[in-house]
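Comments concern the structure below.
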Amino acid sequence: MSEKGEVDLTGAKQNTGVWLVKVPKYLSQQWAKASGRGEVGKLRICKNQGKAEVSFTLNEELTAIEGIEDKTVCAPREHPFTMQTVGGQTLAVFTETSSGQSEERSDGSSSGSGAGAGPDKIALEGLVVQRAECRPAVSEKYMRLKRLQIEELSKPVRLSRQLEKPVTNNYRPVANHAYNLEYEKKKKEEGKRARGDKQQVLDMLFSAFEKHQYYNIKDLVDITKQPVSYLKEILKGIGIYNVKGTHKNTWELKPEYRHYSGEEITADD
C-alpha cells in the first residue's frame, strides 16, 4: 500500500452496524454483471415464532449464467440465510479510496475530494453486529448448475483428437534433410573412387606442388581424384604435414623433393 492518511471514523461515531455475509461465488459473479448501481435483488427479513428469518431473492435478469456450454442454465433465485453470532469477536468493515477519487458511502454521503493527489484514504464503515451465510435453496436448478460446473471443471485443459486431413505447412517431416543427402552422395563418390597408379598420382602431386608450396588434403583430393586414405599414404612418403604455424593443417613436399626457386618460396610464404 502507498502512504496512508488518517482513518475516517465517522462510521464508528454514528455507531453503524453492518452484517458480514458469506455468499456463493457464482452469486457474487452475477452481482458484478449488474449495470451501474442497479438493483441485484431483494432482501426479506421476517420473524417466525420470535426467530428472525432472512432470505435473498436474485433479480430475474441476473440469473443467466455464461461460460458453460449449456446456455439455458440459470442460477437459483432464492437464497435463505443461516444466521450466526459474532462470537465475542470485534470485527469491522473498512473501505479504501485511492487519492483523487471519491467514494459514495452507505448513508449517501460522498467522501474524498475528487481532485488532487495525496495519500489513500481509509474509512471505517461500521462494526460487524451479525454474521450470516447465504446459501441457495436446494432445487432442480441449483443441482443442475452444480453438475454442469463440476463437468466443466473436470474437462482436461488439453484434448487429443484425430485429424481428418493431413497437416500441410512448411514444417512437414522429411525422410532426410538436403545437407544429409549431399553428405551421403559425396561419401559414396569418394568410396567409389578407384586407386590410381601410384606413379601417376605422384606425377599429379609434383605438378600441383610446382604451382603452390602448401595444400590442404581436400584440395589434393579434388586434384588427384583419389581416396583420402590412399592419398595420405602416398603423401607420407613425399610430404610433411604441418600441425602448427601459419600453414597449419596443410601438406608440403619434403626438402629433397622441392624444386622451388627462392622467389617462388618467398611469394608463397
Inset, instruction - Kindly work out whether a path of hydrophobic side-chain contacts (I/L/V/M/F/W/Y, heavy atoms less than 4.5 Å apart) joins Leu145 to Val138. - result: yes

Inset, instruction - With sequence neighbours excluded, tell me which residues meet ring pair (Phe, Tyr, Trp, His ring centres under 6.0 Å) with Trp31. - result: Phe56

Inset, instruction - Sort and list the pairs that fulfil salt bridge (charged side-chain N to carboxylate O under 4.0 Å, His left out) and have at least one residue in residues 15-24, not counting sequence neighbours. - result: none

Legend entry - Under the ring pair (Phe, Tyr, Trp, His ring centres under 6.0 Å) test, residues paired with Phe206 that sit two or more places apart: Tyr257

Legend entry - Residues, nucleotides or ligands: over 12 heavy atoms within 6.0 Å of Lys33 NZ: yes

Inset, instruction - Using the test side-chain hydrogen bond (donor to acceptor under 3.5 Å, both in side chains), find all partners of Gln84 that sit at least two apart in sequence or belong to another chain. - result: none

Legend entry - Hphob cluster co-occupancy, Val129 + Leu20, side-chain heavy atoms under 4.5 angstrom: no

Legend entry - By side-chain hydrogen bond (donor to acceptor under 3.5 Å, both in side chains) - contacts of Gln199 (at least two apart): Asp203

Inset, instruction - Mind checking the CG-OG1 spacing from Leu205 to Thr224? Nearest 0.5 Å is all I need. - result: 6.0 Å

Legend entry - Gln49 atom CD, neighbour heavy-atom count above 12 within 6.0 Å: no

Legend entry - Backbone N/O of Glu61 and side chain of Asn59: donor-acceptor pair under 3.5 Å: no

Legend entry - same_hphob_cluster(Ile150, Tyr26) at 4.5 Å side-chain heavy-atom cutoff: no

Legend entry - Closest heavy-atom pair and its distance - Pro136, Pro80: C-CD, 4.2 Å

Legend entry - Donor-acceptor contact below 3.5 Å, side chain Asn48 vs main chain Lys51: no

Inset, instruction - State which residues pass side-chain contact (heavy atoms from CB on, under 4.5 Å) with Val93; sequence neighbours excluded, sorted by chain then number. - result: Val18, Glu125, Val128

Inset, instruction - Kindly write out the residues that satisfy salt bridge (charged side-chain N to carboxylate O under 4.0 Å, His left out) with Arg131, not counting sequence neighbours, or none if the list is empty. - result: none

Inset, instruction - Can you measure from NZ (Lys211) to CD1 (Ile223) and round to the nearest 0.5 angstrom? - result: 7.5 Å

Inset, instruction - Drop me the distance from Gln213's CD to Leu253's CG, to the nearest 0.5 angstrom. - result: 8.5 Å

Inset, instruction - Taking side-chain hydrogen bond (donor to acceptor under 3.5 Å, both in side chains) as the test, write out the residues that go with Glu60, two or more places apart. - result: Arg77

Inset, instruction - With sequence neighbours excluded, tell me which residues meet side-chain contact (heavy atoms from CB on, under 4.5 Å) with Asn180. - result: Asn176, His177

Inset, instruction - Mind listing the closest non-hydrogen atom pair of Tyr142 and Ala137 along with its distance? - result: CB-O, 4.0 Å

Inset, instruction - Name all residues meeting the side-chain hydrogen bond (donor to acceptor under 3.5 Å, both in side chains) criterion together with Glu182; count only those two or more places apart in sequence or in a different chain, and write none if there are none. - result: none

Legend entry - Interatomic distance, Lys248 atom NZ to Thr246 atom OG1 [nearest 0.5 angstrom]: 11.5 Å

Legend entry - Closest non-hydrogen atom pair between Val40 and Ala34, with its separation: CG1-CB, 3.7 Å

Legend entry - Distance (rounded to the nearest 0.5 Å) between Lys232 NZ and Ser229 OG: 8.5 Å

Legend entry - Steps toward side-chain contact (heavy atoms from CB on, under 4.5 Å) verdict (Asn216, Asn249): CA-CA 7 Å; Asn216 59 45; Asn249 299 329; over 6 Å; no

Legend entry - Validation row: Gln226, Glu233 side chains within 4.5 angstrom (heavy atoms): no

Legend entry - Any donor-acceptor pair under 3.5 Å from Asn242 side chain to Glu252 backbone: no

Legend entry - Closest approach of Ala92 to Leu124 (non-hydrogen atoms, all atoms of both residues): CB-CD1, 3.6 Å

Inset, instruction - Supply the atom-to-atom distance Leu235 CG to Tyr241 OH, rounded to the nearest 0.5 angstrom. - result: 11.0 Å

Legend entry - Any side-chain heavy-atom pair of His247 and Tyr215 under 4.5 Å: no

Legend entry - Shortest non-hydrogen separation from Cys134 to His79 and the atoms involved: SG-CB, 3.4 Å

Inset, instruction - For Gln130, check side-chain contact (heavy atoms from CB on, under 4.5 Å) against everything at least two apart and list the hits. - result: Trp19, Met83

Legend entry - Set of side-chain contact (heavy atoms from CB on, under 4.5 Å) partners for Glu164, sequence neighbours left out: none

Inset, instruction - Could you check if a side-chain atom of Phe209 sits within less than 4.5 angstrom of a side-chain atom of Arg258, using non-hydrogen atoms only? - result: no

Legend entry - Same cluster (ILVMFWY, side-chain, under 4.5 Å), Met143 and Leu58: yes

Inset, instruction - Decide whether Val243 and Ile238 are clustered together by the hydrophobic rule: side chain heavy atoms of Ile, Leu, Val, Met, Phe, Trp, Tyr closer than 4.5 Å, transitively. - result: yes

